[in-house]
Amino acid sequence: MSTVIDEVDYGPLAQLIGKWVGSKGLDNAPDAKTKPDETTFTDEIIFTVSGPAENAEEQNLVSIKYHHVVRKLENGHVFHDQIGHWIYEKSTNIIMHSLSIPRAVCLLAGGEYQENNGESIFNVEAKAGSQTYGIMQSPFMLEKASTKAFKMHLSVKGNTLNYHEVTSLYIYGKDFEHIDKSTLLRVTY
Ligand code: HEM
């Protein structure tokens, strides 16, 4: 796939463009009981271009936007919905990922783009309290189910995409690592 679309060079982000589906997702979510909830799920992610952005006449960013819908494997019910942008700066190799989920949590995570054996690797992190790669959440979530940190590893090779994300929560009076991982295949560009 060319990285130049409508005369904009999307660099490594171009490899994400398209519709991806998967049925191998695994969610490890908090539960008030002693055992966490493990749920298998299907994924659908659609990535589309969202154009270039110049900041303060010196930073040149390109970005793609996405919508990620997660359904329970057992009954098809939607149990997670996420929108966001992946953003890339060519001169510094910086990758950023902004996302929002309808629990009233949003964040901006950052990292550096990497390649290994033809695989494109997007690793990003955010921490609550940071003024840059940080996390914003509603007063309720901050008090009852706070997100303290977020780490995501996403990799793409050809038409296969893997992600593994760890959302560090403080909920029910203790720390909990909320982990989501999956493998998707591209079905359309
Ligand atoms: C594929 C991705 C994800 C899936 C499938 C997923 C699914 C879930 C599920 C099933 C719960 C438990 C809900 C309940 O107990 O009723 C949960 C809790 C939670 N998730 Fe996620 N989640 C995902 C990603 C994220 C991300 C990226 C964040 C934030 C950055 C996040 C933040 C939270 C928080 C704060 C809770 C605690 C709410 C609660 O249990 O009361 N999740 N998630």
Side-chain angles (χ1 to χ4, degrees), residues 13 16 18-48 50 63-87 95-111 121-156 160-187:
L13 299 180
L16 295 171
K19 177 175 175 178
W20 302 76
V21 297
S23 55
K24 292 188 162 56
L26 184 64
D27 171 62
N28 187 27
D31 197 295
K33 300 187 291 287
T34 45
K35 266 185 78 185
D37 266 348
E38 286 212 338
T39 311
T40 48
F41 62 77
T42 66
D43 292 271
E44 182 183 295
I45 310 182
I46 298 173
F47 291 99
T48 53
S50 48
S63 66
I64 56 170
K65 59 181 185 275
Y66 70 86
H67 184 197
H68 183 184
V69 181
V70 177
R71 296 179 174 86
K72 287 188 181 182
L73 193 61
E74 62 171 359
N75 56 19
H77 292 168
V78 173
F79 81 134
H80 182 78
D81 186 286
Q82 185 174 314
I83 55 169
H85 285 90
W86 283 90
I87 304 160
I95 286 284
M96 293 177 277
H97 178 194
S98 63
L99 69 87
S100 173
I101 61 168
R103 293 181 189 280
V105 179
C106 54
L107 62 84
L108 178 68
I121 300 165
F122 303 83
N123 277 329
V124 289
E125 288 185 37
K127 277 199 174 64
S130 168
Q131 294 203 330
T132 55
Y133 299 133
I135 296 160
M136 297 307 285
Q137 48 205 317
S138 68
F140 179 91
M141 293 305 273
L142 187 63
E143 190 190 333
K144 300 280 191 174
S146 112
T147 300
K148 296 166 65 181
F150 173 80
K151 269 189 193 180
M152 180 168 194
H153 171 97
L154 185 150
S155 61
V156 188
T160 304
L161 181 158
N162 287 287
Y163 71 81
H164 183 282
E165 60 193 31
V166 181
T167 311
S168 304
L169 303 177
Y170 186 78
I171 183 168
Y172 307 129
K174 57 180 188 293
D175 289 322
F176 181 84
E177 300 270 272
H178 174 23
I179 299 177
D180 289 283
K181 56 185 176 181
S182 194
T183 299
L184 291 79
L185 296 176
R186 184 173 4 227
V187 289

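Read the numbers this way: they start at 1 and go in the same order the structure lists the ligands and their atoms. For the numbers below, each heavy atom of this structure counts, side chains included, while hydrogens, waters and symmetry mates do not.
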At less than 4.0 angstrom from any non-hydrogen atom of [X], what atoms of ligand 1 do you find?
X	result
Tyr163	1 (C)
Glu165	2 (C), 24 (C), 27 (C)
Thr147	35 (C)
Phe150	27 (C)
Val70	1 (C), 5 (C)
Gln82	27 (C)

Protein contact of [atom] - nearest heavy atom, named by residue and atom, plus distance:
atom	answer
atom 15 (O) of ligand 1	Pro30 O, 3.7 Å
atom 12 (C) of ligand 1	Ala29 CB, 3.6 Å
atom 4 (C) of ligand 1	Asp180 OD1, 3.3 Å
atom 41 (O) of ligand 1	Ile171 CD1, 3.7 Å
atom 7 (C) of ligand 1	Asp27 OD1, 3.5 Å
atom 26 (C) of ligand 1	Thr167 OG1, 3.8 Å

So, [X] and [Y]: side-chain donor and acceptor under 3.5 Å apart, yes or no?
X	Y	answer
His153	Asn162	no
Tyr163	Asp180	no
Asp43	His68	yes
Ser50	Ser63	yes
His97	Tyr66	yes
Ser168	Glu177	yes

Original post:
For ligand 1, does Lys144 get within less than 4.0 Å through its side chain, its backbone, both, or neither, judged by non-hydrogen atoms?
Top reply: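 Neither part.
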
Original post:
Looking only at heavy atoms, is any part of Thr39 under 4.0 Å from ligand 1, and if so is it the side chain, the backbone, or both, or is it neither?
Top reply: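 Neither part.
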
**OP:** For His80 and Val69, indicate whether the former's side chain and the latter's backbone hold a donor-acceptor pair under 3.5 Å.
**Re:**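 Here the side-chain-to-backbone pair does not exist.
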
Original post:
Under 3.5 Å, side chain of Thr147 to main-chain N/O of Ala149, donor-acceptor pair present?
Top reply: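 A pair under 3.5 Å: no.
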
Subject >> Proximal candidate to atom 35 (C) of ligand 1 [heavy atom criterion; set Lys72, His178, Met141] >> reply: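 Of the listed residues, Met141 has the closest heavy atom.
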
Original post:
For atom 32 (C) of ligand 1, which candidate among Asp43, Ile101, Leu107 provides the closest heavy atom?
Top reply: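 Shortest heavy-atom distance from atom 32 (C) of ligand 1: Ile101.
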
Original post:
Given Val156, which of Ile121, Leu13, Leu161 fulfils the side-chain contact (heavy atoms from CB on, under 4.5 Å) condition?
Top reply: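 Going through the options one by one, the only one that passes is Leu161.
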
Original post:
Checking side-chain contact (heavy atoms from CB on, under 4.5 Å) against Leu16, which of Thr48, Ile45, Leu154 comes through?
Top reply: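 So the option named by the test is Leu154.
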
**OP:** Would you check whether Met152 reaches within less than 4.0 Å of ligand 1, judged by its heavy atoms?
**Re:**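 No, Met152 has no heavy atoms under 4.0 Å from ligand 1.
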
Original post:
For Arg103, is at least one N or O under 3.5 Å away from an N or O on ligand 1?
Top reply: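 It does: an N or O of Arg103 is found under 3.5 Å from an N or O of ligand 1.
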
Subject >> Separation between NZ of Lys72 and CZ of Phe41, rounded to the nearest 0.5 Å >> reply: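 These two atoms lie 12.0 Å from each other.
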
Subject >> salt_bridge(Asp175, Lys148) N-O dist < 4.0 Å >> reply: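 Yes, this pair counts.
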
Original post:
With a cut-off of 2.8 Å, does His80 place any N/O/S atom under that distance from atom 21 (Fe) of ligand 1?
Top reply: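 Here the distance criterion (N, O or S atom, under 2.8 Å) is not met by His80, so no.
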
